2 protein chains.
Amino acid sequence: MIIKINDMSDIPIYQQIRNQIIAGISDGKLEPGEQLPTVRGLATEIGINSMTVSKAYQLLKQEGYVYSDRRNGVCVRRDFEQKKQLSKSSSDGLKCIIAEAKVGGMTKEDFLEICEKMFEEGQS
Amino acid sequence: MIIKINDMSDIPIYQQIRNQIIAGISDGKLEPGEQLPTVRGLATEIGINSMTVSKAYQLLKQEGYVYSDRRNGVCVRRDFEQKKQLSKSSSDGLKCIIAEAKVGGMTKEDFLEICEKMFEEGQS
DNA sequence: CTCTTTGTATTATTCATTATAATACAAATA
DNA sequence: TATTTGTATTATAATGAATAATACAAAGAG
């Protein structure tokens with residue numbers, strides 16, 4: 001599991017880490033029960049502060065994606081909440097993206113095709 | 001066209017305004033050529049600083065959604081760029097949302113159905 | 001027990017972004 | 001001429017993000 005930070009992005013580092021961990025779980029690069037890189041290890045690897053990594057992990061923990069032992073570090077949960085619905089922020093974000101797509105001239109079919117491809121891309 | 005600001009949101013006010021204007025264009029509440037509320041008018045109406053509204057309008061202008069005369073104010077463009085593809089940030093955001101949906105147990109069909117409904121909701 | 005590694009907590013500091021405030025200016029128009 | 005438009009400027013406050021330097025508790029290895 002390789003984390004790549006984009007310094008030019010306006011997305012905070014801790015958010016980028018969080019997003020990539022979720023993507024990793026989604027496409028199977030990270031398996032249930034698997035341990036994430038250690039806070040200090042990952043911080044050193046990508047050249048950032050430990051607390052920034054910790055912040056990302058705490059966010060993931062709070063959202064229910066991972067859990068943490070003292071000794072075993074932070075691991076991917078085996079029992080995700082299968083809520084089968086989007087979070088409020090995801091839903092709001094999706095509405096925004098769809099509005100932009102429509103104004104940009106995309107048809108419903110155009111958009112759904114893109115979604116379909118994206119969904120299949122990282123086949124878990 | 002009513003703009004509603006959520007003070008509790010972590011999304012900056014100028015971004016919220018921008019998003020709602022685009023949503024308004026998308027669903028036809030704002031028509032091509034129509035004038036947006038004046039900078040000072042909207043600022044007073046929703047109780048914020050004029051420059052915050054101006055920042056939102058400048059962003060929309062830069063993105064090609066509106067144009068501005070000195071006297072006629074800021075108006076919705078009549079000739080949008082019909083690029084028929086998602087912006088980089090939209091594409092990245094969508095990937096993120098899809099990853100979260102997948103981890104949450106949604107199938108491709110579940111997700112596409114939600115997208116379809118959202119696309120049809122504000123029928124322009 | 002001692003030492004190391006784990007996540008976490010604390011405190012302080014720096015930096016960028018956001019938002020406000022108070023003006024000012026050019027252009028258009030009534 | 002006076003008003004309204006967007007915009008520019010400068011200063012300031014508030015917040016969030018990231019770093020830095022430690023420290024602590026828990027668990028395991030030796």
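Only this structure's heavy atoms are used, side chains among them; waters, hydrogens and symmetry mates stay out. Just so we're on the same page: letters track the sequence lines, and every chain starts at 1. Note that the coordinates shown come from a computational prediction; the quantities given were computed from them, not determined experimentally.
- Distance alone, capped at 3.5 Å, is enough to place a donor-acceptor pair between the A:K102 side chain and the B:F119 backbone.
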Hey, what are the protein-to-nucleotides 10-17 of chain C N/O distances that come in under 3.5 Å?
none

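- The main-chain N or O of A:L86 is never found under 3.5 Å from a side-chain atom of B:E100 such that the two would form a donor-acceptor pair.
- Atom CG in B:N49 sits about 15 Å away from atom P in D:dA8, given to the nearest Å.
- Residue B:T38 places its side chain closer to D:dT5 than to any other of C:dT8, D:dT19, D:dT5.
- With sequence neighbours excluded, no residue forms a side chain to side chain donor-acceptor pair (under 3.5 Å) with B:N72.
- The A:V74 side chain lies nearest to C:dG7 when the options are C:dG7, D:dT7, D:dA18.
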- Item | Check against side chain to side chain contact (heavy atoms under 4.5 Å, CB included), B:F111 and B:I97 | CA-CA 10 Å; B:F111 184 74; B:I97 291 169; 4.1 Å; yes

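- Summarising the geometry, the separation between CG on A:D7 and P on D:dA17 is reported as 16 Å, rounded to the nearest angstrom.
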Report all interatomic pairs (protein N or O, nucleotide N or O of nucleotides 24-30 of chain D) with separations under 3.5 Å.
none

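- A:V74 pairs with exactly one of A:I21, A:T38, A:L60, A:L36 by the side chain to side chain contact (heavy atoms under 4.5 Å, CB included) rule, that one being A:L36.
- When each of B:S54 and A:I11 is assigned the nucleotide of DNA chain D bearing its nearest heavy atom, the one mapping closer to the 5' terminus is B:S54.
- There is a side-chain donor-acceptor pair under 3.5 Å between B:T107 and B:D110.
- Between A:K117 and A:E121, none of the side-chain N atoms (NZ, or NE/NH1/NH2) sits under 4.0 Å from a carboxylate O, so this pair counts as no salt bridge.
- Classification of B:R18 and B:E63 as a salt-bridged pair holds, one side-chain N sitting under 4.0 Å from a carboxylate O.
- Checking the phosphate oxygens (OP1, OP2) of C:dT8, a side-chain nitrogen or oxygen of A:S68 falls inside 4.0 Å.
- A:Q58 has a side-chain polar atom (N or O) that falls below the 4.0 Å cut-off from OP1 or OP2 of C:dA9.
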